Amino acid sequence: DVYLFSGQLNVDLPVSYVHQFNPAAEDAEERLAAKIGRTGMVRFMIVPARCGVNFNNGYIAAELAHVGECKPCPTPFGIDPRKKGRTNNCNLLGGHANNYSYCNCDSLRWARTSPDNVRGFSAVAWFMGRALLEGKAVEEGVPIGLVRSSWGATNIAVWSGPKASAKCPQEGDPSSSFAPYIRSALYAHMVMPLSGLGFSAVVWVHGARNIGPTSDPYMGGTYYACALRAMIEEWREKLMQPRLPFLIVESPVYCNELDYRTWHTWCND
């Protein structure tokens with residue numbers, strides 16, 4: 001029972017980020033990951049972040065069999081007793097008692113959950129997997145698979161294949177403030193190789209990087225409404241699942257967060 005989580009930064013944010021102010025909660029989460037890992041009922045992987053626009057390369061289809069491994073994230077608080085002398089030096093909390101260190105894994109082979117790998121894995125994906133398991137929303141004995149394929153600060157054009165892009169024509173390339181910059185740059189390496197996995201649903205967490213003046217290419221709600229529908233249709237076709245459900249998670253409206261510095265089109269988009 002496999003679920004795909006894709007989009008931008010809010011998919012990347014790891015489990016330890018959620019508990020950055022609560023070491024006890026992080027410890028409990030890791031102990032739960034270890035317990036679930038022993039049963040094998042939740043397993044996950046992370047698609048490596050790669051660009052590519054070659055849609056006919058046989059290597060692309062096979063690359064996910066050779067996904068690299070990120071270095072295990074150290075304990076996010078204090079000192080990891082297994083790594084003598086290694087301390088966390090990214091102090092986000094102030095003081096020294098609960099010195100928190102951010103760590104995000106960017107590439108992971110299929111693995112059972114463990115304290116080491118859950119720290120750097122997508123919080124959105126992990127908590128949905130937990131909810132499915134705890135709510136008994138899956139068949140007994142059928143493991144839940146969670147796949148993260150995401151890249152922070154990306155616009156929807158880089159996730160859309162040529163067919164989808166043609167349905168919502170825009171003059172010019174996406175703004176250079178986006179990374180990566182080229183249309184369809186992630187579609188080839190981070191979506192197409194997943195064809196055949198048989199997903200139960202896709203969770204698409206996105207929207208913020210296409211908010212802005214509608215006079216700019218690839219920006220604004222009118223363009224996004226077209227692009228999102230076109231992208232979904234193409235993903236369903238390439239993943240060979242014409243009725244694949246998409247769960248859309250959009251950024252909350254916070255148009256006054258920075259007062260005069262904030263684009264007020266955020267409210268309308």
Side-chain angles (χ1 to χ4, degrees), residues 3-18 20 46-51 92 102-106 120-128 146-161 164-165 167-187 189-191 201-235 245-269:
Y3 296 82
L4 172 60
F5 298 81
S6 188
Q8 56 192 91
L9 178 63
N10 284 350
V11 190
D12 301 348
L13 291 176
V15 171
S16 61
Y17 183 84
V18 175
Q20 61 183 290
I46 299 174
V47 177
R50 295 178 182 173
C51 298
L92 303 182
Y102 180 90
C103 179
N104 178 21
C105 184
D106 58 5
F121 186 67
S122 167
V124 171
W126 167 248
F127 286 117
M128 180 168 168
L146 309 173
V147 178
R148 195 200 100 190
S149 182
S150 57
W151 192 320
T154 51
N155 73 94
I156 197 171
V158 301
W159 294 101
S160 303
S165 297
K167 292 182 179 179
C168 308
Q170 300 284 300
E171 294 183 4
D173 284 325
S175 167
S176 59
S177 64
F178 297 130
Y181 310 133
I182 305 171
R183 287 171 292 183
S184 305
L186 302 185
Y187 172 76
H189 273 295
M190 299 183 69
V191 179
V202 174
V203 179
W204 175 251
V205 186
H206 199 266
R209 292 302 276 171
N210 287 95
I211 293 171
T214 55
S215 58
D216 291 349
Y218 304 95
M219 301 292 269
T222 301
Y223 163 71
Y224 198 81
C226 175
L228 180 59
R229 181 179 294 274
M231 187 199 79
I232 289 173
E233 289 173 353
E234 187 165 18
W235 281 29
F246 273 71
L247 310 179
I248 310 301
V249 184
E250 295 184 340
S251 299
V253 174
Y254 53 104
C255 54
N256 293 318
E257 183 194 34
L258 301 178
D259 195 34
Y260 65 91
R261 290 173 289 172
T262 305
W263 292 343
H264 290 281
T265 53
W266 288 2
C267 297
N268 298 327
D269 282 355

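Note that the coordinates shown come from a computational prediction; the quantities given were computed from them, not determined experimentally.
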So does [Y] get a backbone contact from the side chain of [X], meaning a donor-acceptor N/O pair under 3.5 Å?
X      : Y      : answer
Glu233 : Ala230 : no
Asn104 : Pro14  : no
Asn210 : Ile156 : yes
Ser184 : Tyr187 : no
Gln8   : Gly207 : yes
Ser160 : Met231 : no

Discussion item. For a quick check under 3.5 Å, do Trp159 and Thr154 share a side-chain donor-acceptor pair by atom type?
Written reply: yes

Worksheet item: Closest heavy-atom contact between Ala123 and Val18?
Response: CB-CG2, 3.5 Å

Discussion item. Please find the pair of heavy atoms, one from Ser149 and one from Leu4, that lie closest to each other, and give the distance.
Written reply: CB-CD1, 4.0 Å

Worksheet item: Do the non-hydrogen side-chain atoms of Val124 and Arg148 ever get within less than 4.5 Å of each other?
Response: no

Worksheet item: What is the ring orientation for Tyr223 with Tyr218, classed by angle as parallel under 30°, tilted 30 to 60°, or perpendicular over 60°?
Response: perpendicular

Worksheet entry | Pair Lys167 + Glu234: basic N to acidic O under 4.0 Å | no

Worksheet entry | Test side-chain contact (heavy atoms from CB on, under 4.5 Å) applied to Leu186 and Val47, Val191, Val158, the passing residue | Val158

